[in-house]
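Some notes on the structure that comes next.
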Amino acid sequence: MPSESTQPPNPANEIVLRLSGITKRFGPLVANDAISLDLHRGEVLALLGENGAGKTTLMNILFGHYVADEGSIEAFGEALPPGSPKAALARGIGMVHQHFTLADNLTVLDNVVLGTEPLWRARSRHADARAKLARLSETFGLLVRPDARIADLSVGERQRVEILKALYRDARILILDEPTAVLTPQETEALFATLKKLVERGLAIIFISHKLHEVMAVSRRIVVLRQGKLVAERRTAETDRHELAELMVGRPIPEPKVEPIPVGPVALALKAVTLAGEGHPRLQEVSLELHGNEIIGIAGVSGNGQGALADVISGIVKPSNGSLTLFGQEIHHFDPAWMVSSGVARIPEDRHAVGVVGDLSLEENVISARYREAPFSKRGLIDWRAVRDFATRIIADYDVRCPGPQAATRLLSGGNMQKLILGREMARDPRIILANQPTRGLDIGAVRYVHQQLLKARASGAGTLLISEDLDELLTLSDRIVVMYRGRMSAPMARKDVTIRHLGLMMAGHGFGGEAHAA
Amino acid sequence: MDGISIIFEASLWAAAIRIASPLIFATLGELICERAGVLNLGIEGIMTVGAFAGWVAVYHGADLWTGVAVAALAGAAFGLLHGFLTVPLGLSQHVTGIGITLLATSLTYYAYRIAFPEVTSPPKIQTFAPLEVPVLSQIPILGDALFRQTPLTYLAFVAVIVVAYVLYRTPIGLAVRTVGENPAAVEAQGIDVTWLRVGAVAVGSAFMALGGAFLTMSAFNSFYFDMVNGRGWICIALVVFGSWRPGKALLGAILFAAFDAYQLRLQQLAGAYLPYQLFLMLPYILSILALIAMSRRAGYPRALMIPYRKGER
C-alpha cells in the first residue's frame, strides 16, 4: 500500500531518508507490515506506538540489525544495503539504542572511538579523537569528561555519550529509541534542547516513544504504528494527546477516576529506618506512615533507595536501625513468608526475574507463596485440582491471555504476566500493597488495567506504596507523594500541592538539604 | 641451607622463570579469550595439543621454530572449534570448554599411539638451548634468573608486552576489550561480533598451545601423557588473579612459579619429616589465598560467558 507522503519536492525540505514497503515477519508474527515513511532534513519525526507495535523492529531494520523480508531503504537518494550497521553508519545514520550500547569498564573516549578507525592500525590516534570530541561537546553543549569510565557516569551522561558517538561519526540522521525512558524530567528537558540544536544544524531525527506528552513537545510530525502497521501520520501542531492515544491503542481510553475517600487506620509505619550499604547507606532515617484506603507515591530516579525500601518492607533484608510497625505491632523477625502471611502483597520491579518463575506453569506460579496452605495443600501433598481451579479463576477474572493454566509463564507478554501477578496478589485481599514500578514497559491498555486494580484495592481498604518513575502515574493515582534521593525520603506532600517540575527538582536532590550531599 | 636463604639463590629464580614460561603463554591466551567474552576451559586440552604437535613436528625433522608454529596453528584450530561452538552457536562455554579439553587430550593420545605404536618410552628431540644475553646475564641473581633462559622464555616475556600493547593501544585491541564488555556496543559501531570473538578465541588458543609446546620443546625433551598436569586450570585462576591485565597476570605467573620452585627445594630440605604431598599442595594453597585477596576487586569483563545473539536483549 503506497503511503500518502508523496509531497512536492522542496529544496529546504529535502528528503534524507525514505522507507518503502518495509515488511518483517518473525514466524507468524508480522512485526512490520508494508511500512513506508519519509524523513526530511531538519525535522524531528516522532514514531509513536505501544510496546510491540513494531517501532524498534523498524529502526533495527533501518540500522541494519535486522534484514527486512520486503521493502527497501533509501538514504540521501541512494539505496542502503540491508543488514549492515556498518553501511548505515557510513551513510550517516546514527542510532541511540534504548539499552545503551556502551562498555561500562571503558572510558568515554574509548567508547566513542571504537569502530571509527581501521581495525588493523598499529596505534590508535587518541589525540585527534580527543580534539574532535571536545569540539563536538562544545558545539552541542554535550559536556562529558573523555577519560571518565562509563560505569561512573549518570544515565543522562551516558546518553550524551551515545549521542556524541553518533555525532563523532558525522551522523546526518539520528534515531533515538525511547531516549527518555531512563531520564529525569530535567535530563529530558536538556535532551530536548540538544535535539533542537541538532535539527537547527540540519540533522534529521527520528524520535521513538510511547509517551504522548514528549512526542507532542519535541516533534514536528508524528507517525503512529499499531500492530506493525502505520496507521496515521499527523502534523504535531494539528493533533492532541487524546487523538494520539486513541490512534495508538485503536480504541477510546477512559482516564482513571480517583474518588476522594477518608483514610483508614495506620497500616504500616517506618520510623527512622536506616539500611547500611557499601560506602553510603542505602536507606537513611526513612520515616513514613501508610494508612488504609491510601496510595502513597514514591518518586525518585531509580537507584536512590527504592529497591532497598521494597526489600525491607518485603522482609528480605533487616534494617540496620529504626523500626517497622505493621498494624501497630513492631516487627523484629524479618522474613518474607511472614510478611506475606500478615497481608503484604508485592508487585515486584522485575516481573521476569522476581515476579514469576518463567519456566514454571501459570498454576504453579499463582500458588508460589501459598502452596503450604489449604486448600492447596492436603496432608502435605499439593491438591492440583484446587490449584487449577484457583488458577483458572484468576485467568478469567484478570483477563490473562494465555494458552492455559499449564502453559509456561515465560510465554506470556509483559502485560499478561503483570495481570497474573496482580491476580495472585489481589486474590489474598492484601492490606498492604507494595507496587514497585507496576506499569513499567506495559502498553496503555495494560497500564490502565493495573491502575484500576490499585484503585479498587484502595477503595476496599488496602494501603499501597507505589514506587514509580512515571510522574504522570504518580500524580494520577497517589493521595500523597514522597521523593527519594540517595537513600533519604522527603516529607509526604498532598497530591494537589505537587507539580511535575517540583518533583523533578526534588528527584535531582533539591530540598534534601546540605547533609544529603555529605558524601 | 635453610628455608629463608633459598629465596636469595639465583637458581630458585631461574627455576621460577622457567616454570612460569608455559604459564605466561597460556595465561595470556586465556586472557585474550576472556577479554573477548569467551571462557575457554579447553585450555588444558589445547596445551596438550600444543605440546604434542610441536614435539612431533620437530621429531619428524622440522626445525624448532617451525615446530612452534605448528603448535600454535594446532592450538588455533581447536580454538576455532571452541569459538564456532560458543559464539555463532552460543553453546554453554563451560560445557563446550570441558568437551574441548577432553576431545583435544584424547585425540592427542590417540595420535601419539598411532604415531608411536611400538615404543615403550617416548623418543626425545633436541630442544631449544639456553641463550645467554650478553652483558645482561652478568647481573648478579637477575642475570642468572632472567637472561640465561631459552628463546621461548624470552618470547613469553615479549608476548606479554605485545599483547598489552595490542589490547590497550590499538583499535583491534579496543574492539576486543569492548566485545567482552558489551557486544551490542561493538555491533552498534559496525563491527562484526562473531568474527571478532571467534578470532580472539583462535589467537588465544594459539598462545595456549605455545604454553604446551614450551613443555616438550624447552622444559623437557619429550612428550608424556598427563604432562600438562593441571597447568591450564592454574592459568584460569591466574587470569582472575591478574584482573584480566597482561602485566598483573605475568606477575601472578611468576609468583605461582616461585612458590612451586620454592616447595621443590623445601621438599629436599624437610622431606624427611613431612610427606612430600604437603609441599606439592603449597603453591595451590598460596594461589587460592592470593586469589581471594586479589580478585575481590577484580573488574571482570561484563559480557564474559554470555553468548551474543544478534537482535536479542
Side-chain angles (χ1 to χ4, degrees), chain A residues 24 26 31 56-57 59-61 63-67 83-91 93-107 109-126 129 149-151 158 161-162 165-166 168-169 175 177 352 441, chain B residues 31 34-37 161-200 203 239-240 242-245 248 295-304 306 308-313:
Chain A
K24 174 76 182 172
F26 293 107
T56 300
T57 304
M59 289 304 112
N60 277 337
I61 289 169
F63 193 65
H65 287 310
Y66 298 150
V67 179
S84 166
K86 199 173 180 170
L89 287 166
R91 205 60 72 72
I93 300 173
M95 183 155 176
V96 175
H97 293 75
Q98 184 176 3
H99 306 271
F100 295 152
T101 56
L102 297 170
D104 278 1
N105 271 334
L106 306 186
T107 66
L109 192 63
D110 280 344
N111 273 283
V112 169
V113 169
L114 174 70
T116 60
E117 298 181 285
L119 276 183
W120 300 106
R121 182 180 278 182
R123 190 177 173 87
S124 293
R125 291 182 194 158
H126 269 186
R149 272 171 73 236
I150 298 295
R158 287 178 203 205
V161 177
E162 283 283 19
K165 254 166 72 176
Y168 186 86
R169 287 172 167 266
I175 307 163
D177 190 1
H352 298 276
Chain B
L31 187 144
E34 292 191 18
R35 273 290 185 157
I161 296 166
V162 170
V163 169
Y165 178 86
V166 170
L167 275 180
Y168 290 101
R169 292 277 180 267
T170 67
I172 185 79
L174 175 61
V176 168
R177 283 186 293 139
T178 311
V179 83
E181 287 285 324
N182 184 358
V186 171
E187 176 164 310
Q189 293 284 59
I191 302 170
D192 190 284
V193 171
T194 305
W195 176 88
L196 193 59
R197 281 192 160 174
V198 172
V203 171
V239 172
V240 182
S243 316
W244 289 268
R245 290 171 175 275
K248 279 169 102 176
S295 61
R296 285 177 64 93
R297 293 176 287 137
Y300 63 95
R302 295 290 163 85
L304 182 60
I306 304 170
Y308 181 70
R309 295 190 182 88
K310 222 175 145 144
E312 216 174 71
R313 297 278 168 212

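Each chain gets a letter, A, B and so on, in the order its sequence line appears, and its residues count up from 1.
Separation of atoms NE2 (A/His65) and CD (B/Glu187) is listed at 5.0 Å; rounding is to 0.5 Å. For the atom pair CD (B/Gln189) and CG (A/Leu114), the distance works out to 5.5 Å, reported to the nearest 0.5 Å. Note that CG of A/Asn105 and CH2 of B/Trp244 are 10.0 Å apart. Values are rounded to the nearest 0.5 Å.
Options A/Arg169, A/Met95, A/Arg121 differ in how many heavy-atom pairs under 4.5 Å they form with chain B, and the most are formed by A/Arg169. Between chain A and the residues B/Ile191, B/Val179, B/Thr170, the most heavy-atom pairs under 4.5 angstrom are made by B/Thr170. When the candidates A/Asn111, A/Leu106, A/Thr56 are compared by the number of heavy-atom contacts under 4.5 Å with chain B, A/Leu106 comes out ahead.
No more than 12 heavy-atom neighbours from other residues, nucleotides or ligands sit within 6.0 angstrom of CZ on B/Arg245.
For the pair B/Ala175 and A/Leu119, the tightest heavy-atom approach, listed with the atom from each and the gap, is CB-CD2, 3.9 Å. In this structure, B/Ala188 and A/His97 approach most closely via the heavy-atom pair CB-CE1, 3.7 Å. Closest non-hydrogen pair, A/Glu117 versus B/Pro171, comes out as OE1-CG, 3.5 Å. Of all heavy-atom pairs spanning A/Phe100 and B/Asn182, the tightest one is O-ND2, 3.6 Å.
Contacts of B/Val166 with chain A are absent, with no heavy-atom separation under 4.5 Å from either backbone or side chain. Using a 4.5 Å cut-off between heavy atoms, A/Val96 makes no contact with chain B at all. Using a 4.5 Å cut-off between heavy atoms, B/Tyr165 contacts chain A through its side chain alone, with no backbone atom that close.
Among residue pairs with one or both ends in residues 175-186 of chain B, those qualifying as salt bridge (charged side-chain N to carboxylate O under 4.0 Å, His left out) are A/Asp110-B/Arg177; sequence neighbours excluded.
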